Structure formats: C-alpha cells, structure tokens
2 protein chains.
Amino acid sequence: MARPRTSPRTVEHPSVEEVSLQQLLEALVDPVRRAVVSQLARARGEMSCGTFDVQVSRSTLTHHFNVLREAGVIRQYYVGTTKMNALRVDEMEERFPGLLSALVAAGRLEADA
Amino acid sequence: MARPRTSPRTVEHPSVEEVSLQQLLEALVDPVRRAVVSQLARARGEMSCGTFDVQVSRSTLTHHFNVLREAGVIRQYYVGTTKMNALRVDEMEERFPGLLSALVAAGRLEADA
DNA sequence: GCCATCGTACGACCCTCGTCGAAATAGCGG
DNA sequence: CCGCTATTTCGACGAGGGTCGTACGATGGC
C-alpha cells in the first residue's frame with residue numbers, strides 16, 4: 001500500500017489548559033452543540049461530520065464543530081474527505097473535573113424524562 | 001374584596017423540576033451571573049443584593065438576579081427594603097446531580113490559577 | 001409626614017451569534 | 001482527467017440579550 005492516507009489537511013486544537021470555563025460554557029449553551037456532544041458521548045468513539053442527527057444546514061454544522069473544537073470539547077481529523085470527531089473526555093475531565101460528565105448526564109436525564 | 005396584603009413582597013420561584021438544562025446553562029454562561037453564584041457559594045448563606053462585587057449598574061444586576069431566580073439557581077426574599085439571595089444548592093443537586101458543584105469548582109479552579 | 005435607601009420597570013441601544021445559501025476547496029474512484 | 005461527495009468559506013440577515021439611564025415603588029428611620 002504505502003499509500004499515505006496521512007492528510008495534508010490538519011486541524012488545530014487548543015491544549016485543554018488554554019480553554020477557559022467561559023469558552024466551554026459558551027460552547028455548550030447551544031442546544032445543537034449539546035446534541036452533537038450527546039451523540040458523541042453515546043457513540044463512545046468518533047463520528048464523521050455527516051452522520052449527526054441535527055436540524056441545521058451543513059455550513060451551520062461546520063460552524064458548530066469549530067466552536068466545539070476551539071473550546072477543547074472535541075478532537076477532529078480528516079480521513080479522506082470526511083472529518084471525524086471525538087470527545088476529549090479524559091482531557092476535559094482533567095481540566096474541569098466532573099463538569100462534562102455532569103452535563104452529559106443532565107442532558108440524558110432530560111431526554112429520558 | 002379581600003386584598004392580598006401589600007406588606008410582604010413575595011417572589012415567585014420555579015420548582016426545580018420545571019427548570020430545563022437549557023435555562024440553567026443560559027443563566028450560568030454569563031460571567032456576571034457566575035460571579036454572583038461564586039460569591040454566594042463562598043458565602044455559604046444569603047447575601048443582600050447590594051453586597052455583591054460586580055461591575056454592572058443596579059438595573060442590570062436586577063436583571064441578572066431575575067435570570068438566576070427563573071433558572072432555579074437562587075432563592076430570593078425581602079427583608080425590609082433589602083432583598084436576600086441564597087443558592088438553591090440542594091435542590092439543584094437533586095435536579096442535575098453534580099452539575100452546579102462542578103461548575104462552582106471549575107470557577108474556583110480558574111480563579112486560583 | 002418626609003426623605004434616604006434599596007430595588008424594579010421600561011425603553012433604548014448595540015453587538016454578538018446562529019442561521020442560511022451559494023460558491024469554493026479537497027480527496028476519491030474511475 | 002472528470003466528475004462526485006464531503007466539507008468549508010464568505011457574506012448577509014435577524015433575533016436575542018446584556019447594558020444603561022431614568023423614572024417609579026416600597027420600606028424603615030427620623
């Protein structure tokens with residue numbers, strides 16, 4: 001093979017130390033972005049951008065992914081033309097202990113109710 | 001007609017069950033409101049409206065208190081002309097376990113850093 | 001009664017942010 | 001080389017919300 005799938009397109013991620021609580025909350029206050037996080041948490045792995053169940057246009061979704069990435073919530077990387085997304089759960093847990101998990105749990109609580 | 005008494009000004013509070021996660025996050029995404037919550041948490045009791053250390057006008061502060069109250073975060077009651085504020089910690093803990101405490105802890109983490 | 005104090009109501013301003021569509025870019029498969 | 005698909009960029013628009021000043025209301029002290 002030796003066909004390097006390595007993407008020329010790279011994505012910039014902040015260190016979790018650089019993200020502020022303000023940034024994190026601004027990212028998670030949007031219902032669409034919380035839906036993304038929720039679906040990622042349920043998937044327990046990565047999902048490509050196109051596989052999310054949200055009611056917004058593609059360009060809007062791109063915007064939401066950018067916000068989540070800049071807030072340190074998700075990690076993204078390209079696989080061919082598709083972009084994969086994964087929660088940075090462990091890192092966020094280290095940065096703001098219990099916060100992301102409590103938020104995901106709260107969202108789940110409401111969804112079940 | 002039997003008029004309701006005018007002397008004790010009463011304040012309406014939602015039940016924590018009525019509060020949505022969306023409402024809670026919208027309330028806590030504002031830095032001024034988080035400062036209020038933070039100072040209340042540190043005080044471990046009630047504080048009158050005028051004793052908070054925030055950089056906004058009185059009318060703006062009133063608005064922030066309303067948002068926090070409607071989100072179920074604080075309980076308010078009048079004592080003479082002053083209005084007291086207290087965190088509804090136990091109730092919020094029951095509604096969204098771990099969330100408020102993780103947020104307060106996160107804010108403290110950042111403040112110390 | 002009168003006034004100082006504390007909080008509220010209202011209206012206005014402004015600016016951020018979520019939203020979209022259309023056009024552009026990047027890799028994949030033939 | 002040519003589409004095809006997935007995602008991005010850009011500009012524009014509109015709603016919402018944080019802010020303030022000012023006018024008003026309620027309370028307690030004198």
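Quick note on labels: first sequence line is chain A, next is B, and so on, each numbered from 1. Because the structure is a prediction, the values reported are computed rather than measured.
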Please state how far atom [atom1] in [X] lies from atom [atom2] in [N], giving the value in whole angstrom units.
| X | N | atom1 | atom2 | answer |
| --- | --- | --- | --- | --- |
| A/Tyr77 | C/dG27 | OH | P | 17 Å |
| B/Lys83 | C/dA9 | NZ | C1' | 12 Å |
| A/Gln76 | C/dA26 | CD | P | 17 Å |

Do [X] and [Y] have side-chain heavy atoms sitting under 4.5 Å apart?
| X | Y | answer |
| --- | --- | --- |
| A/Glu91 | A/Arg75 | yes |
| A/Cys49 | A/Asn85 | yes |
| A/Arg69 | A/His64 | no |
| B/Glu18 | B/Gln23 | no |

No-hydrogen, no-angle side-chain donor-acceptor test under 3.5 Å, B/Thr60 and B/Ser57: yes
Joint cluster assignment, A/Val67 & A/Val89, ILVMFWY side-chain distance < 4.5 Å: no
Short side-chain N/O contact from A/Tyr78 to OP1 or OP2 of D/dT8, under 4.0 Å: yes
B/Thr81 side-chain N/O to C/dC6 phosphate OP1/OP2 under 4.0 Å: no
Could you identify which residues of residues 58-71 of chain B place a heavy atom less than 4.0 Å from some atom of DNA chain D, listed by residue number, or say none? B/Ser59, B/Thr60, B/His63, B/His64
Contacts to DNA chain D from residues 25-52 of chain A, heavy-atom cutoff under 4.0 Å, which residues? A/Cys49, A/Gly50
Where the side chain of A/Arg95 meets the backbone of A/Gly72, is there a donor-acceptor pair that is under 3.5 Å apart? no
Could you tell me which non-hydrogen atom of B/Gly45 sits nearest to which non-hydrogen atom of B/Leu40, and how far apart they are? O-CD2, 3.6 Å
